[in-house]
**Q** 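Take a look at this one; I'll ask things after.
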Protein chains: 2
Amino acid sequence: MRISEVSKIFDISSDTLRYYEKIGLIGPIKKEGNIRNYNEDDLNRINFVKCMRSANLPIEVLIKYMKLFEEGDETIKERRDLLVAQQGELAKNIADLQAAYDRLSYKIDLYDKQLLEKNLK
Amino acid sequence: MRISEVSKIFDISSDTLRYYEKIGLIGPIKKEGNIRNYNEDDLNRINFVKCMRSANLPIEVLIKYMKLFEEGDETIKERRDLLVAQQGELAKNIADLQAAYDRLSYKIDLYDKQLLEKNLK
DNA sequence: ATAACACTTAGACCTCACTCTAAGTCAAGT
DNA sequence: ACTTGACTTAGAGTGAGGTCTAAGTGTTAT
C-alpha cells in the first residue's frame, strides 16, 4: 500500500508518515524500487502509534517502545513496565481533563441560570 | 501577595505568570510601586486558568474568555457558548485518552500473561 | 554599608511535533 | 513528446507555550 493511501486511511499526512519513519518510530518500510510499500504489520503499528499519539504519549516514549520490540523477547518485562508507566500518566491526565470538564459544566449551569433570569425580567 | 508566593502556591513559574499577564490572560495585576500585588480575584482567575490549561485548553481561547468577561453582562451568552464548545472538545479528548488507556490495559494484560508463562517453564 | 535576594523589563531562545520547500525522479495517460 | 501527478530526499520553517538571559532597581539582614 502506498503512502498516499495510508495517509488517507489514518488521516496522517504523508509528511508525518515519512517523519515517523525517519525518527525510527514506524519503519523502516520496505520499498518497491524507490517507493514505500506499507504492509499489514506496518498498518498495525501505525494504528497503535496513532492511538497513543492522540492521547499525547510522547514520541520519544513510543520510539523507545518500538526499539524494545525489535530487540525481541528479552525486553518483554521492560516493555510492560514502560506501558504501565504511561498508563499511570494517562490516568493523571484523564483526571485533569475530567476536573476541567466538571468545572466547565458547573460554570455553564451558572450561565444558563443567569440567562434564564434575564429572560424572565 | 507577591509573585513568588503565587508561584509556589500554584506551582507556576514567575516567568509564566508574567507571561500570562503580558498576553492578556490574567491581568493586569495591580502594583505596589513596581511590584505586583496579587489579590484574591487574581488568584481565583489563576486557579481557573491553571485548571483549564492542565486540560490543554488553548491559551487563545482562555484569553478570549477573559476578554468577554471584562466586557460585562452583554457577553454572558457568548461566554456560555464558548465554554460549551470547549466542553465538547474536552469530551472528545477524554474519549481519546480513555481509548488509549484501555488499549494499554489490554496490552499490559497480554504481557503479564506472557511473563507468567515464562516463569512456569 | 554592603551582601544577598526578590523584583523588574525586553527580548532572545528552547522544545515538541510536525509541516513545508526545493529540487528532482519516474510512470501513466493524451 | 510531453504534461500530469505521485513519489523521493534533505533540510528549513512554523506555532504553541513557555523558559531563560541580561541588565538593572529596590529591600532586608548582618
Side-chain angles (χ1 to χ4, degrees), chain A residues 1-39 42 45-67 86 89-90 93 96-97 100, chain B residues 1-39 42-43 45-46 48-67 86 89-90 93 96-97 100:
Chain A
M1 190 181 290
R2 292 191 163 198
I3 200 167
S4 58
E5 205 176 341
V6 178
S7 168
K8 268 176 213 154
I9 290 171
F10 290 105
D11 195 26
I12 297 175
S13 77
S14 300
D15 276 329
T16 298
L17 288 169
R18 280 188 288 261
Y19 165 69
Y20 281 172
E21 189 175 349
K22 189 161 73 180
I23 64 179
L25 182 53
I26 50 142
I29 307 298
K30 281 191 183 141
K31 295 189 181 179
E32 276 181 12
N34 202 24
I35 290 180
R36 288 174 182 77
N37 187 16
Y38 291 80
N39 66 32
D42 298 329
R45 258 168 246 160
I46 292 169
N47 187 273
F48 176 68
V49 165
K50 186 183 177 178
C51 178
M52 294 304 132
R53 284 295 304 133
S54 73
N56 302 311
L57 268 76
I59 280 186
E60 277 307 319
V61 170
L62 298 175
I63 291 173
K64 172 83 184 166
Y65 180 75
M66 293 307 185
K67 273 186 188 149
Q86 293 307 309
E89 292 299 310
L90 259 183
N93 291 344
D96 284 344
L97 299 212
Chain B
M1 193 181 289
R2 293 191 162 196
I3 199 168
S4 59
E5 204 176 342
V6 177
S7 168
K8 267 177 213 154
I9 290 170
F10 290 106
D11 195 26
I12 297 175
S13 76
S14 300
D15 275 328
T16 299
L17 289 168
R18 279 188 290 261
Y19 166 69
Y20 282 173
E21 188 174 347
K22 189 162 74 181
I23 64 179
L25 181 53
I26 49 141
I29 306 299
K30 282 193 181 141
K31 294 189 182 179
E32 277 181 8
N34 202 24
I35 290 180
R36 288 173 181 77
N37 187 16
Y38 290 80
N39 66 31
D42 298 329
L43 297 189
R45 258 168 247 161
I46 291 168
F48 177 67
V49 165
K50 186 183 178 179
C51 178
M52 294 305 132
R53 285 295 303 133
S54 72
N56 302 310
L57 269 76
I59 280 185
E60 277 307 319
V61 171
L62 299 176
I63 291 174
K64 173 84 182 164
Y65 180 75
M66 293 307 186
K67 272 184 188 150
Q86 292 308 308
E89 292 299 310
L90 259 183
N93 290 343
D96 283 346
L97 299 213

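Quantities reported herein were computed from a predicted structural model and do not represent experimental measurements. Just so you know, these numbers use all the heavy atoms, side chains as well, and skip hydrogens, waters and symmetry mates. Proteins come first, then strands; the chains are lettered A, B, ... in the order of their sequence lines, and each starts at number 1.
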**Q** Applying side chain to side chain contact (heavy atoms under 4.5 Å, CB included), name anything that partners B:N39, two or more places apart in sequence or on another chain.
**A** B:D41, B:D42
**Q** Going by number, which of residues 2-10 of chain B have a non-hydrogen atom under 4.0 Å from DNA chain C?
**A** B:R2, B:I3, B:S4
**Q** Would you indicate what A:R18 reaches in the nucleic acid, counting non-hydrogen atoms under 4.0 angstrom: base, sugar-phosphate, or nothing?
**A** base
**Q** For chain A and DNA chain C, what are the first and last nucleotides along the strand, 5' to 3', with at least one atom under 4.0 angstrom from a heavy atom of the protein chain?
**A** C:dA17 to C:dC20
**Q** For A:K22 and for A:I35, find the nucleotide of DNA chain D with the closest heavy atom, then tell me which residue's nucleotide is more 5'.
**A** A:I35
**Q** Donor-acceptor check, side chain of A:N37 to backbone of A:M1, threshold 3.5 angstrom: yes or no?
**A** yes
**Q** Check nucleotides 16-18 of chain D against the protein and report each pair of N or O atoms closer than 3.5 Å, with its distance, or say if there are none.
**A**
| from | atom 1 | to | atom 2 | distance (Å) |
| --- | --- | --- | --- | --- |
| D:dG18 | OP2 | B:Y20 | OH | 3.0 |
| D:dG18 | OP2 | B:R53 | NE | 2.9 |
| D:dG18 | OP2 | B:R53 | NH2 | 3.2 |

**Q** With salt bridge (Lys or Arg N to Asp or Glu O under 4.0 Å) as the rule and sequence neighbours excluded, what pairs involving residues 48-62 of chain A come up?
**A** none
**Q** Suppose we screen for side chain to side chain contact (heavy atoms under 4.5 Å, CB included). Which residues come up paired with A:S7, at least two apart in sequence or across chains?
**A** A:S14, A:L17
**Q** Report the distance from atom CG of A:D15 to atom P of D:dG13, rounded to the nearest whole Å.
**A** 16 Å
**Q** Can you see which heavy atom on B:Q86 is nearest to which on B:P58, and at what distance?
**A** OE1-CD, 3.9 Å
**Q** Does a salt bridge link A:D15 with A:R18, judged by any charged N lying under 4.0 Å from a carboxylate O?
**A** yes
**Q** Does the separation of the ring centres of B:Y65 and B:F48 fall below 6.0 angstrom?
**A** yes
**Q** Just verifying a value: how many Å separate B:L97 CG and A:D96 CG, rounded to the nearest 0.5 Å?
**A** 10.0 Å
**Q** Looking at A:I35 and A:R2, what are the two nearest heavy atoms and their distance?
**A** CD1-NH2, 4.0 Å
**Q** Can you see which heavy atom on B:I23 is nearest to which on B:I63, and at what distance?
**A** O-CD1, 3.3 Å
